[in-house]
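One structure below.
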Amino acid sequence: MIVGLVVACEVAFWVLLAAALAVRYLLRMPRTGLALLLCEPLLEVVLFAVTAIDLRHGAAPDWRHGLAAVYIGFTVGLGHSTIAWADARFAHRFAGGPPPVRPPRYGRARALHEWKVAGRWIVACTVALALLQAAAWYVGDDGDTGSLRAWQHRMLLVIGINLVVAASYTLFPKRGRPS
């Protein structure tokens, strides 16, 4: 049930996003579009509540509960930038907006961009880590929290990878082609 709900939340995220952008730009109703975008966090609240209820009713914590925590973390950390990305492209394609800004390709600007991306991923993983830890405490010593701990290790690995990538652009900046 939890996996199905995670999939339903992901589909609902994109459907709500598309609906909000269509209402905002095609129907020229920006406030209504904003209202639809503000419904996005309700998806995570529902997922969080259902996961907590499932654990409270005695379900053994497993990878599905970890997946729910990771999904919520990623939505918190990456949701805003995903919405901004889609908004820029939709505005350009359907509302005559300016072309989306591309990330810098070289030098310090690229390194700064990579650190910002890493920061978003670190926020996502930190939220997931906190939710996974809260779930482990919620279950208590009576339950097997090994699968939740495995998700925590994965989140630490994702943080590490993002730090290495950002650091590599800082220490070994990509240089532009000579003109």
Side-chain angles (χ1 to χ4, degrees), residues 1-24 29-90 113-166:
M1 174 176 85
I2 299 294
V3 173
L5 188 56
V6 169
V7 171
C9 284
E10 181 66 11
V11 169
F13 172 85
W14 289 105
V15 168
L16 264 176
L17 179 57
L21 294 175
V23 166
R24 181 176 183 178
M29 300 171 66
R31 287 188 179 176
T32 306
L34 178 61
L36 285 171
L37 283 178
L38 291 175
C39 292
E40 296 279 358
L42 295 176
L43 299 171
E44 283 67 43
V45 170
V46 168
L47 180 59
F48 180 76
V50 169
T51 303
I53 290 168
D54 192 43
L55 289 172
R56 178 51 71 196
H57 287 173
D62 59 12
W63 67 271
R64 292 176 284 254
H65 298 97
L67 177 65
V70 168
Y71 177 80
I72 292 169
F74 281 24
T75 302
V76 169
L78 303 169
H80 180 73
S81 61
T82 302
I83 290 170
W85 174 87
D87 184 61
R89 277 143 186 80
F90 201 95
H113 169 77
E114 291 300 328
W115 280 108
K116 287 178 182 178
V117 170
R120 287 192 286 270
W121 278 94
I122 290 168
V123 167
C125 292
T126 302
V127 169
L129 284 165
L131 289 173
L132 290 163
Q133 186 60 47
W137 287 336
Y138 190 64
V139 170
D141 296 331
D142 300 337
D144 177 26
T145 58
S147 63
L148 300 176
R149 300 289 179 218
W151 276 109
Q152 285 180 317
H153 289 110
R154 290 181 192 115
M155 294 301 95
L156 292 172
L157 179 64
V158 170
I159 289 173
I161 289 169
N162 278 278
L163 289 173
V164 167
V165 168

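Remember, it's a predicted structure, so these values are computed and weren't measured experimentally.
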Would you check, one step at a time, whether the test salt bridge (Lys or Arg N to Asp or Glu O under 4.0 Å) holds for D54 with R64?
CA-CA 11 Å; D54 192 43; R64 292 176 284 254; over 6 Å; no
Quick check: closest heavy atoms across G77 and V123, and the distance to 0.1 Å?
CA-CG1, 3.9 Å
Is a donor on one side and an acceptor on the other found under 3.5 Å between the side chain of T145 and the backbone of P61?
no
Do the non-hydrogen side-chain atoms of Q133 and R149 ever get within less than 4.5 Å of each other?
yes
Looking at L37, L43, I83, which one forms a side-chain contact (heavy atoms from CB on, under 4.5 Å) with L16?
L43
Separation between SG of C125 and CD of Q152, rounded to the nearest 0.5 Å:
11.5 Å
Going through the distances and angles, do R120 and V117 end up as a side chain to side chain contact (heavy atoms under 4.5 Å, CB included)?
CA-CA 5 Å; R120 287 192 286 270; V117 170; 3.4 Å; yes
Quick check for you: to the nearest 0.5 Å, what is the distance between W151 atom CH2 and L131 atom CG?
13.0 Å
Is there side-chain contact between I159 and L129, with heavy atoms separated by less than 4.5 Å?
yes
Distance check, rounded to the nearest 0.5 Å: C39 atom SG versus L34 atom CG?
10.0 Å
Less than 4.5 Å apart, side chain to side chain, heavy atoms only: is that true for I2 and L67?
no
Beyond-backbone contact of R154 with V70, side-chain heavy atoms, under 4.5 angstrom
no
Considering non-hydrogen atoms only, spot the tightest contact between A118 and A166 and give its length.
CB-CB, 4.0 Å
Between W115 and L163, is any pair of side-chain heavy atoms under 4.5 Å apart?
yes
Rounded to the nearest 0.5 Å, how far apart are CE of M155 and CZ of F74?
4.0 Å
pair L55-H65: side-chain heavy atoms closer than 4.5 Å
yes
Tightest non-hydrogen contact, residues L47 and I72, listed as CD2-CG1, 3.9 Å
Closest approach of L17 and A86, non-hydrogen atoms and distance?
CD2-CB, 3.7 Å
With heavy-atom distances below 4.5 Å as the criterion, would you say the side chains of L78 and W121 are in contact?
yes
Does D87 reach the side chain of R24, with side-chain heavy atoms less than 4.5 Å apart?
yes
Nearest 0.5 Å, please: how far is CG in L36 from OG1 in T32?
7.0 Å
Distance check, rounded to the nearest 0.5 Å: E44 atom CD versus Y71 atom OH?
5.0 Å
With a cut-off of 6.0 Å (strictly less than), are more than 12 heavy atoms of other residues, nucleotides or ligands near CZ of F48?
no
